[in-house]
Each structure stands twice: as C-alpha cells, then as structure tokens.
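What follows is a single structure, written as structure tokens, with notes after it.
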Amino acid sequence: MAIPLSERQFELGIDQEMENWMRQVYELLAEHRELAYSQGELQQAVLDKPTPVTKLQKFGRALDVLAEVRAVEKRWVGDTDYY
C-alpha cells in the first residue's frame, strides 16, 4: 500500500523517495561546502546502480526542488549544472 504524501510533499510535487534523496544531497553538500557537485556526481553518491532512466529523471526533479526552495544553490558552469 502506498504511503500518503505529506502536505509539504504535495506542495513541492515530491514523494518520500525524492525527499530522502534531497536530504542525502543536502547533507553531502553541507559537509563539503567548499565543493560543488554536478548532477552526475550527486547521482553516483546517492542512487543505487544501475539506475533506470525514470529514476534519474525523478532525481533531477528532486535537485530542482532543492534549488527552488533555496536549500542549495544551482549554477550553470560550461554545459553542466552544479550544486
């Protein structure tokens, strides 16, 4: 049985899995404030391998939400997003 979304999850358009990823990414970035990570580097640190494309898309959305709520900064460097 699926777990209902919290009001905050509903407002942000995320589910429990995405919220867990967001927490892991935030903790990693907070521990290494002097570094910026690409989406690919964050995926390697957080997601299981191999990862289906649909899960990668969901992970990208989770990163976008972190940036939208200003929990992390997102910058375009060259042709890569960094957080």
Side-chain angles (χ1 to χ4, degrees):
M1 182 166 110
I3 298 172
L5 298 177
S6 69
E7 184 176 346
R8 182 70 171 153
Q9 289 170 330
F10 180 77
E11 289 170 355
L12 294 173
I14 62 171
D15 61 18
Q16 186 64 43
E17 182 178 45
M18 294 167 75
E19 185 175 9
N20 289 336
W21 294 337
M22 291 166 63
R23 187 174 294 109
Q24 291 176 57
V25 167
Y26 182 82
E27 289 171 359
L28 175 67
L29 294 175
E31 289 174 13
H32 303 282
R33 291 184 182 274
E34 72 284 358
L35 300 174
Y37 291 82
S38 69
Q39 180 172 333
E41 292 166 333
L42 292 170
Q43 287 171 350
Q44 285 183 330
V46 173
L47 299 179
D48 298 327
K49 286 74 173 179
T51 306
V53 171
T54 53
K55 195 172 249 193
L56 293 176
Q57 292 169 336
K58 231 173 118 170
F59 187 79
R61 172 66 185 141
L63 293 178
D64 287 342
V65 171
L66 275 174
E68 288 170 14
V69 299
R70 299 179 192 254
V72 301
E73 291 184 47
K74 178 179 178 180
R75 296 280 188 272
W76 183 260
V77 179
D79 60 351
T80 305
D81 287 331
Y82 281 88
Y83 300 84

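- Residues Leu63 and Trp21 fail the side-chain proximity criterion, which asks for heavy atoms closer than 4.5 Å.
- Contact record, Phe59 with Gln39: CE2-O, 4.2 Å, taken as the closest heavy-atom pair.
- Annotation: the span from Leu12 atom CG to Asp64 atom CG amounts to 12.0 Å, rounded to 0.5 Å.
- Not counting sequence neighbours, Glu31 has no partner by the salt bridge (charged side-chain N to carboxylate O under 4.0 Å, His left out) test.
- Under a cut-off of 6.0 angstrom, the local environment of CD in Glu7 is sparse, with at most 12 non-hydrogen atoms contributed by other residues, nucleotides or ligands.
- With respect to Arg23 and Glu27, no salt bridge is recorded, no charged nitrogen being found less than 4.0 Å from a carboxylate O.
- Using a 4.5 Å heavy-atom threshold, the side chains of Val65 and Met18 count as separate.
- Using a 4.5 Å cut-off on side-chain heavy atoms (C-beta onward), Leu29 and Tyr83 make contact.
- Proximity of Gln16 to Ile3: side-chain heavy atoms (C-beta onward) are nowhere separated by under 4.5 Å.
- The structure places CG of Leu66 at 10.5 Å from CZ of Arg61, a figure rounded to the nearest 0.5 Å.
- The pair Lys74-Glu68 does not meet the salt-bridge criterion, since no charged nitrogen lies less than 4.0 angstrom from a carboxylate oxygen.
- For the atom pair CE of Met22 and CD1 of Ile14, the computed distance is 4.5 Å after rounding to the nearest 0.5 Å.
- Of the inter-residue distances, the one linking Ser6 atom OG with Glu11 atom CD reads 8.0 Å to the nearest 0.5 angstrom.
- Nearest heavy-atom pair across Leu5 and Gln9 is CA-OE1, 3.3 Å.
- Residues Leu35 and Val46 share a hydrophobic cluster, clusters being chains of Ile/Leu/Val/Met/Phe/Trp/Tyr side chains in contact below 4.5 Å.
- Following chains of ILVMFWY side-chain contacts shorter than 4.5 Å, one cannot reach Val69 starting from Tyr82, and the two form parts of different hydrophobic clusters.
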